[in-house]
Amino acid sequence: MKRKTDLLSTNTCNWITRKKFTHLLTISVSCLVLLFLVFSAQAQQRFADEIGQVAIRDVTSTSPLVVPYITWGGESALFHANGGLTTQAGTIMAKQGLNLKLVPGDNFQQQVRDYLGGKSPILRGTFRMIAQASEVVGRDPRTKPVVFGQLTWSAGDHFVGRSNIRKISDLSGKKIAIQKGGPHVGMLYDMLKTARLSKANVQIVWVDELTGANGPAEKFRNDTSIAGCFVITPDMIGLTGGPDNTGTGAEGTVKGAQVVVSTATLSRSIADVYACRKDFYDLYKPLIEKFFAGYLKGAEEVIALKKTYERSGSTQYTRLLTMMQNIYGKDVLPTLEEDAHGLIADCTFVGQPGNVAFFNDPKNTITGFEGFNKAGLDMAVNWGFAGQRYALLPSDLNFNSNEFKSILATTVAAPTQLKQTRFKKETVRAEIESFNEDAVLDEKTLISFTIQFDANVETFSGAKYQEEFDRVLELAAKYGNAAIAIKGHSDPTRTLRVLVQAGKAKGVLKQTGTTGNYKYYMQGKPLSLENTAELIRLIEQKTFDDGTDVDSPYQVMRAALKLSEQRGEAVKQALIDYARTKNARIDTDQIVPVGVGIKEPIIPKPSSLEEAAVNRRVEFALIKVSAEAVAASDFDF
């Protein structure tokens, strides 16, 4: 994803402070520079301190209505609907009776100043960017932000890590480069929450720019102590060579660098939205409604043009790409095909159905307005952007009013009409099972955690496992394009006991030593009962069986596998039942039970009932699956 949110830094204030130290203390210049750089990298000021004092003034202009835009593919719908930076005759916005003036908004701090000062009634950013400013814009009743529309979800932001960062939990104790106040801050918040880590568990290196010489990618490239960075797609490709590649060190890539998490998987993290000053919204709600309906119509037409372009070419779509290149500049979008078209491809429009889902679906408690508002304010206060909680206000636009339904081709009347599944059930299951067989499941796993259970347990209580089930629901909602594998594990104790008995009886296994200190030999070579992989190989070859298949190691191992599959299925059903009690929306095809059997014991050769109990567990694993496992859709909601 290409975004450019150039936020002003605190360099000026720090420079003045440094000069005072020079007069007061006889410290070497090099030490001062070092202290300054460390402070700049780690300090995170309150958003209010960075904004400064701004007098609140009324918005006086409705024609033209000043609307900020940022460097993001979702803006293509706005440019198309408006015909450019000013409203052109015959365009969607002109037909809506609107006169818009689109102005750059990449400097979000300046956007907020203009919003407070009455130059524009609208904020344009990600939900968590606006949440970072919540204290500044929410203290005065006039400027409280009403979030009135969602534009897109991001599918093109990335966290790139070095070779030692494979799972999200690997971030603990590591240095991470990220733009201060930008769109990736919320993504980092979500990732840390996924791994049950806090901001204190990582070392954040704040940088001023999203990309370029002062961006996270260059910081990561030049400082080997930084373990990972948050980047947009062009920088990701520059570091790794591509989303599925690992940097080799050649052609400018960084050796070992690879994408750990992207919003193609963490697809419900970065929500792009519009917000409006409450005083303006109360006075001009019909104007806001017309504007957003026009935007949604623009999104519908851009999607149709994009499909035609990808299929057979489209001069109208090419004109749109050229318009975007002219607006953003060739330094930002050097090419039409790779850069301008790629910018649009990196975003997922939500349309009218997505706004119904975001604002009106009572089951969408995690990735709807309510969930984002709570998480955004939690982040703002806990991470020091705000001193107090000032809630953002939800839109009360009627997305089924004639203003919307009269011009839109794709609408839903109520949340009950929202799609219930987004995954291709058989494709997801086949991928996870193939990962399991090929022993690459761990490579695809972003995070995992377990629940223990007693012997012979067949049911799982939502009350007993509430904390774990809540966590699974949260992961499923946020990581909308990932699957949740429920891996059932069995204890190998009985299989090992039968293996020894059968092997000795058949004469292929020799036992020496005394109770508690036995050693085993096969064809004169030592055989360790802790070498689970080798034992499974021998059992599958029926090395120890006597040919009767009566209580044989093979049959006992197969029974353990079947039991683990049944436990996975039982946990899935318990999770579905729990989601119903919570009135939470869940895609059942996203949840895939997998029987592991005795393959992955925590203690390969238990010596007590307590150790055997450790092996009896169900593991929840967040798994990256291919794009082919997710059903294609015009709008993502």
Side-chain angles (χ1 to χ4, degrees), residues 1-9 47 50-52 54 57 59 61-62 64-82 84-87 93 98-134 136-137 143 145-152 154 157 179-186 208-212 215 232 270-277 280-281 288 291-292 294-295 298-299 323-329 331-333 343-344 346-347 385 392:
M1 177 189 74
K2 286 177 182 267
R3 297 176 187 268
K4 188 179 180 185
T5 45
D6 301 335
L7 302 185
L8 297 180
S9 69
F47 198 88
E50 301 211 14
I51 291 294
V54 179
R57 295 185 173 88
V59 178
S61 175
T62 59
L65 176 65
V66 178
V67 178
Y69 66 87
I70 63 176
T71 307
W72 174 228
E75 257 63 9
S76 62
L78 176 63
F79 298 151
H80 171 73
N82 203 49
L85 298 183
T86 58
T87 306
M93 292 301 185
L98 299 175
N99 177 23
L100 306 182
K101 178 183 178 182
L102 310 185
V103 298
D106 284 331
N107 185 330
F108 188 64
Q109 288 177 317
Q110 189 57 48
Q111 241 200 88
V112 172
R113 293 188 187 99
D114 292 343
Y115 174 90
L116 295 172
K119 293 182 180 179
S120 172
I122 292 175
L123 284 178
R124 170 67 182 93
T126 70
F127 199 106
R128 253 80 74 91
M129 287 169 66
I130 297 175
Q132 289 176 57
S134 57
V136 174
V137 296
T143 59
V146 179
V147 179
F148 65 84
Q150 183 187 2
L151 291 70
T152 62
S154 166
D157 290 283
Q179 184 202 19
K180 185 191 299 183
H184 295 143
V185 176
D208 292 329
E209 307 287 345
L210 185 67
T211 187
I232 57 179
I270 300 182
D272 281 271
V273 297
Y274 281 122
C276 181
R277 284 175 51 140
F280 191 91
Y281 184 86
I288 294 299
F291 164 71
F292 194 56
Y295 173 85
M323 180 195 301
M324 293 174 64
Q325 187 183 58
N326 291 336
I327 290 173
Y328 291 132
D331 57 329
V332 175
L333 300 180
L343 188 67
I344 298 176
D346 268 352
C347 73
F385 297 109
L392 281 61

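Side chains are part of it too, since the values below use all heavy atoms of this structure and drop only hydrogens, waters and symmetry mates.
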request  = Describe, in one word, how the ring planes of F291 and F148 are oriented to each other, choosing from parallel (under 30°), tilted (30 to 60°) and perpendicular (over 60°).
outcome  = perpendicular

inquiry  = Under the rule for side chain to side chain contact (heavy atoms under 4.5 Å, CB included), what residues qualify as partners of N99, not counting sequence neighbours?
reply    = S63, P64, T87

ask   = Just wondering, do I130 and F108 contact through their side chains at under 4.5 Å, heavy atoms?
value = yes

query = Got a second to check how far Q150's CD is from T126's OG1, nearest 0.5 Å?
reply = 11.0 Å

Heavy-atom closest contact (L78 atom, Y69 atom, distance) = CD2-CB, 4.5 Å

ask   = For I270 and H184, what are the C-alpha separation, side-chain angles and deciding distance, and is it a side-chain contact (heavy atoms from CB on, under 4.5 Å)?
value = CA-CA 8 Å; I270 300 182; H184 295 143; 4.2 Å; yes

key: For S76 against M324, the heavy-atom pair lying closest together   = CB-SD, 3.7 Å

ask   = So, does R277 use its side chain to make a donor-acceptor pair with the main chain of L116 at under 3.5 Å?
value = yes

inquiry  = Please check: side-chain N/O of Y274 versus main-chain N/O of I288, any donor-acceptor pairing under 3.5 Å?
reply    = no

ask   = Nearest heavy-atom pair of Y115 and P121: which atoms, and what distance?
value = CE1-O, 3.3 Å

ask   = Is any side-chain heavy atom of L102 less than 4.5 Å from a side-chain heavy atom of E75?
value = no

message = A81: which residues meet the side chain to side chain contact (heavy atoms under 4.5 Å, CB included) condition with it, sequence neighbours left out?
response = I92, M93

query = Do you know which two heavy atoms are closest between A77 and Y295, and how far apart they sit?
reply = CB-CE1, 3.5 Å

ask   = Are any side-chain N or O atoms of Q111 and backbone N or O atoms of L123, one a donor and one an acceptor, separated by less than 3.5 Å?
value = no

message = For a 4.5 angstrom cut-off between non-hydrogen side-chain atoms, does L98 reach L65?
response = no

inquiry  = Can you confirm whether P183 sits close enough to W72 that some side-chain heavy atom of one is under 4.5 Å from a side-chain heavy atom of the other?
reply    = no

message = Would you compute the distance between atom CZ of F280 and atom OG of S120 and round it to the nearest 0.5 angstrom?
response = 8.0 Å

query = Do the two ring centres, one from Y328 and one from F79, sit under 6.0 Å apart?
reply = yes

remark   = Scanning both residues in full, the closest heavy-atom pair of G74 with C347 reads N-SG, 3.6 Å

request  = Could you tell me whether F47 and F385 have their ring centroids closer than 6.0 angstrom?
outcome  = no

request  = Would you tell me whether T71 and D106 have side-chain atoms, one donor and one acceptor, within less than 3.5 Å of each other?
outcome  = yes

ask   = Quick check: does any side chain N or O of T152 sit under 3.5 Å from a backbone N or O of D272, one acting as donor and the other as acceptor?
value = no

message = Could you tell me if the side chain of I232 sits less than 4.5 Å from the side chain of D157, heavy atoms only?
response = yes

message = Please give me the minimum heavy-atom distance between L333 and Q325, naming the atom from each residue.
response = O-NE2, 3.0 Å

query = Does some side-chain heavy atom of V185 sit less than 4.5 Å from a side-chain heavy atom of M129?
reply = no

remark   = CD of Q132 to NZ of K180, rounded to nearest 0.5 Å, is 11.0 Å

